[in-house]
Amino acid sequence: MDTLHQIEHWADRHHPRWVDFVRISLGLFILYKGVLFISDTAALMNLIGEMDVGFFHMALAHYVAFAHIVGGILIALGLLTRLAVTVQLPILIGAVFFVNMDSRFLTVTNNVEFVLSLVVLVLLLVFLVFGSGKFSIDDYMKNHPTA
């Protein structure tokens, strides 16, 4: 636990304020993808259908959509950021390594999706370490414990 607190303290001291706008943009983008998944469930089911996960297709589709919508809101607001990022990580790892690495890997549209998924995964890892920053509900709650 001491190492975790040291990492969190280091991240709080080395967190430039402009990174908060990247976090907000990332959260809004993840929220947008969640809304897209809800509005076009067939496309999400096709993505999941390419993975051989048996009868868990519907449960996995609901998890992905719900996690993107709720997680995107939490990341954008800076509320429980590390928890929201942790919930997003399995989805993006699956997107990078399983969904986008199929037989169409070298096509232009799949390359764009792959790069986009990879960038989001890297940003999620950054915010897992750095946390939410100064422009966040987490920081406000930490500085105003009785409010």
Side-chain angles (χ1 to χ4, degrees), residues 1 4-5 7-8 11-12 14-105 107-147:
M1 230 22 198
L4 184 64
H5 288 291
I7 291 171
E8 187 174 345
D12 286 342
H14 295 88
H15 192 96
R17 294 185 191 268
W18 63 267
V19 175
D20 290 342
F21 296 109
V22 174
R23 176 191 43 84
I24 293 168
S25 301
L26 175 66
L28 292 175
F29 177 75
I30 291 173
L31 173 65
Y32 169 73
K33 289 298 274 188
V35 170
L36 281 181
F37 287 150
I38 292 273
S39 65
D40 192 7
T41 334
L44 178 60
M45 292 302 287
N46 285 338
L47 282 175
I48 293 172
E50 292 176 2
M51 297 169 45
D52 190 24
V53 290
F55 63 91
F56 292 108
H57 287 77
M58 191 58 74
L60 192 57
H62 281 83
Y63 168 71
V64 168
F66 180 76
H68 272 8
I69 289 174
V70 174
I73 291 170
L74 291 176
I75 292 170
L77 293 175
L79 178 63
L80 303 173
T81 305
R82 287 189 173 105
L83 176 66
V85 165
T86 304
V87 171
Q88 298 296 319
L89 284 176
I91 299 169
L92 269 298
I93 289 170
V96 169
F97 293 109
F98 299 115
V99 174
N100 290 319
M101 285 195 177
D102 59 357
S103 60
R104 297 172 297 147
F105 181 68
T107 62
V108 174
T109 56
N110 197 34
N111 246 354
V112 171
E113 278 296 316
F114 173 74
V115 170
L116 194 59
S117 297
L118 190 61
V119 167
V120 171
L121 178 63
V122 168
L123 285 174
L124 286 173
L125 291 172
V126 165
F127 289 111
L128 183 65
V129 173
F130 276 100
S132 53
K134 297 292 180 196
F135 298 121
S136 67
I137 295 176
D138 284 341
D139 186 64
Y140 180 81
M141 289 172 46
K142 186 166 71 171
N143 293 330
H144 301 88
T146 59

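The distance from the CG atom of Leu74 to the CD1 atom of Ile69 is 12.0 Å, given to the nearest 0.5 Å. Distance CG/Leu83 to CD1/Ile75: 10.0 Å, rounded to 0.5 Å. With rounding to the nearest 0.5 angstrom, the CE atom of Met141 is 10.0 Å from the OG atom of Ser132.
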Just distance, no hydrogens or angles: give the donor-acceptor pairs under 3.5 Å from side chains in residues 24-38, sequence neighbours left out.
| residue | atom | partner | partner atom | Å |
| --- | --- | --- | --- | --- |
| Ser25 | OG | Phe21 | O | 2.9 |

Please set out all donor-acceptor pairs under 3.5 angstrom arising from side-chain atoms of residues 87-96, sequence neighbours excluded.
| residue | atom | partner | partner atom | Å |
| --- | --- | --- | --- | --- |
| Gln88 | OE1 | His68 | ND1 | 2.8 |
| Gln88 | NE2 | Ala67 | O | 2.5 |

### Task
Would you please test Phe130 and Thr81 for side chain to side chain contact (heavy atoms under 4.5 Å, CB included) and show each step?
CA-CA 10 Å; Phe130 276 100; Thr81 305; over 6 Å; no
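The two residues Ala84 and Gly71 make their nearest non-hydrogen contact at CB-O, 4.0 Å.
Within the 3.5 Å criterion, the main-chain N or O of Lys134 finds a donor-acceptor partner in the side chain of Asp20.
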